[in-house]
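See below for the structure under consideration.
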Number of protein chains: 2
Amino acid sequence: MTNFLAAGGLKRGEHESASLHADIVSQLRDFIVEGHLAPGSRIPERELCEKFGISRTPLREALKAIAAEGLIELLPNRGARVRQFSEADIRNLFEVLSGLDFVAGQMACARITDDAIAAIEKMHLEMYAHYLRRELVDYFRINQKIHQAIVDAAANPVLSANFASFNSIVRRLRYSANLVNRDRLGDAMREHEQIMDALKRRSANELGLLMFQHMQGKCEAVCEYLRDQQTEDSEPRALLEDAIF
Amino acid sequence: MTNFLAAGGLKRGEHESASLHADIVSQLRDFIVEGHLAPGSRIPERELCEKFGISRTPLREALKAIAAEGLIELLPNRGARVRQFSEADIRNLFEVLSGLDFVAGQMACARITDDAIAAIEKMHLEMYAHYLRRELVDYFRINQKIHQAIVDAAANPVLSANFASFNSIVRRLRYSANLVNRDRLGDAMREHEQIMDALKRRSANELGLLMFQHMQGKCEAVCEYLRDQQTEDSEPRALLEDAIF
DNA sequence: AAAGGACTTATTGAATACAAAATTGAGTAC
DNA sequence: GTACTCAATTTTGTATTCAATAAGTCCTTT
């Protein structure tokens with residue numbers, strides 16, 4: 001099931017933070033999301049214990065927690081392995097994300113401050129500039145910030161936590177898909193124009209639907225990208241490693 | 001974060017099932033959801049170990065997993081305690097549920113079979129009969145089945161798992177709220193009429209919005225109920241124990 | 001008598017140890 | 001040369017043990 005109120009903890013350096021468990025979970029999650037462990041590969045308990053400087057007990061507890069999040073799967077008597085997401089899985093994830101984006105849009109309209117709208121509009125214009133100059137990394141970075149700002153404006157920690165959880169899985173894919181499918185970028189930019197418009201008018205139903213459809217569009221782009229990858233390349237993961245974040 | 005693809009395992013009786021871990025997690029979750037442990041109370045590791053006939057290691061692993069689901073919280077050096085949901089928490093949960101219901105409606109329209117629609121309509125009529133006769137338990141039971149059927153029709157395991165996760169927390173409250181607020185029942189029935197209509201016409205946007213608004217309505221009813229409980233009674237949990245399921 | 005502190009006890013958190021299952025490898029038979 | 005079997009080793013799953021933190025109680029002091 002879902003961890004729906006976990007406070008996304010920052011990584012600690014050397015100094016102790018709140019709890020060892022939370023730290024290990026956070027570190028391990030990042031370690032997997034960042035792609036250090038190939039999807040489908042088994043998780044080497046021993047190595048990770050040495051890497052994190054802990055014994056097996058806390059590591060295994062962290063594994064169970066992350067399995068509950070869905071990032072890894074537990075095979076009976078065969079340990080844990082990194083979840084491998086099929087295209088169907090990705091579609092499913094995106095659909096749920098679309099629903100969360102819908103609520104975010106709905107609720108943001110009712111709760112967002114004028115200042116926050118102004119801040120988002122500023123980011124929007126900045127993103128547009130990057131779009132025109134085809135600066136994809138910056139474009140993508142601000143794009144993510146805008147979506148995050150709208151989700152935050154909904155002022156719902158449960159929503160934010162779940163959005164972050166799902167988004168962390170597909171973020172990398174979204175970036176890669178952007179790199180390949182340039183047509184989609186124009187559509188996305190137009191959709192963002194509409195989103196800004198609806199947000200400024202605080203039209204809840206409209207913004208919700210726009211954000212839903214926008215995310216669905218992203219899904220199609222990513223799935224197209226995945227299909228291309230699989231047909232032309234037997235090692236579909238290779239390119240993903242290039243993507244920053 | 002969210003466990004978003006955990007296969008909801010059945011409880012085992014005496015015979016061994018897939019894995020001990022999954023069993024313990026499932027049993028412990030039910031144990032908490034069923035209200036055997038009061039919200040806010042600390043979780044007695046030793047007792048539960050004896051109860052389930054296991055040692056502390058697998059129990060603690062289960063605790064971490066359920067904490068990741070959000071049902072309990074981990075206090076550093078003070079063990080785990082059952083999450084206490086404030087009205088704000090409930091609102092947040094309902095909002096996310098609304099979003100999931102929205103997607104469920106959207107996707108169900110595209111994917112549901114004619115037979116499934118017929119089956120839902122049959123349930124709908126049955127529910128209406130229970131509504132007229134004021135048979136609340138049966139009404140509520142079929143109501144849940146209808147919503148589940150629509151979610152299932154969306155054919156998205158990630159959505160289903162998350163919906164089940166959130167729903168398990170608010171289900172009990174919804175039932176109790178129904179008992180008290182009879183006015184809401186009439187509204188809900190009318191909304192269900194509209195939902196059936198949109199579903200038969202396979203009008204995706206319409207159904208999505210209807211289900212979203214329907215869930216929002218439930219949220220208001222539940223929050224009203226909670227406020228009533230808190231003002232007139234210092235022990236707001238007492239009544240909840242009456243609710244079957 | 002009340003408040004503060006120290007000591008005792010219980011509970012949590014992590015490491016180690018042990019048992020059971022699975023994977024790997026080699027050897028043998030076909 | 002290939003496939004199957006059996007043993008050995010690694011790895012997983014659980015129990016037990018040990019250390020550290022918190023809570024409760026009793027005693028002392030003002």
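Chain letters run A, B, ... following the sequence lines, proteins first and then strands; every chain starts at 1.
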For [X] and [N], what is the distance between atoms [atom1] and [atom2] respectively, to the nearest whole Å?
X: Ile24(B); N: dT14(D); atom1: CD1; atom2: C1'; answer: 11 Å
X: Glu61(A); N: dT12(D); atom1: CD; atom2: P; answer: 17 Å
X: Leu48(A); N: dT12(D); atom1: CG; atom2: P; answer: 10 Å
X: Phe52(A); N: dA15(C); atom1: CZ; atom2: P; answer: 14 Å
X: Leu75(B); N: dG13(C); atom1: CG; atom2: C1'; answer: 14 Å
X: Glu50(B); N: dA15(D); atom1: CD; atom2: P; answer: 13 Å
X: Arg60(B); N: dG13(D); atom1: CZ; atom2: P; answer: 18 Å
X: Arg46(A); N: dA15(C); atom1: CZ; atom2: C1'; answer: 12 Å

statement: Across all chains, not counting sequence neighbours, the ring-ring contact (aromatic ring centres under 6.0 Å, His included) partners of Phe163(B) are none
message: List the residues meeting ring-ring contact (aromatic ring centres under 6.0 Å, His included) with His21(B), not counting sequence neighbours, and say none if there are none.
response: none
- line: Whichever of Gly79(A) and Gly53(B) has the more 5' nearest nucleotide on DNA chain D, that residue is Gly79(A)
message: Restricting to non-hydrogen atoms, name the atom on Ala67(A) and the atom on Leu74(A) that form the minimum distance, rounded to 0.1 Å.
response: CB-CD1, 3.6 Å
message: Please find the pair of heavy atoms, one from Leu37(A) and one from Pro44(A), that lie closest to each other, and give the distance.
response: CD2-CD, 4.5 Å
statement: Applied to residues 92-110 of chain A, the salt bridge (Lys or Arg N to Asp or Glu O under 4.0 Å) test, sequence neighbours excluded, yields Glu95(A)-Arg111(B)
message: Nearest heavy atom decides the nucleotide; on that basis, is Thr57(A) or Glu45(B) closer to the 5' end of DNA chain C?
response: Glu45(B)
Can you give me the N/O atom pairs linking the protein to nucleotides 17-22 of chain D at distances under 3.5 Å, or say none if there are none?
none

- prompt: Reckon Leu59(A) touches a base, only the sugar-phosphate, or nothing at all at heavy-atom distances under 4.0 Å?
  reply: nothing
message: When you measure from the side-chain N and O atoms of Ser55(A) to the phosphate of dA15(C), is any distance below 4.0 Å, counting only OP1 and OP2?
response: yes
- prompt: What ring pair (Phe, Tyr, Trp, His ring centres under 6.0 Å) pairs are there with at least one residue in residues 90-110 of chain B, not counting sequence neighbours?
  reply: Phe102(A)-Phe102(B), Phe212(A)-Phe102(B)
List, one per line, each side-chain donor-acceptor pair under 3.5 Å for residues 50-59 of chain B, sequence neighbours excluded.
| residue | atom | partner | partner atom | Å |
| --- | --- | --- | --- | --- |
| Arg56(B) | NE | Glu45(B) | OE1 | 2.9 |
| Arg56(B) | NH2 | Glu45(B) | OE1 | 3.2 |

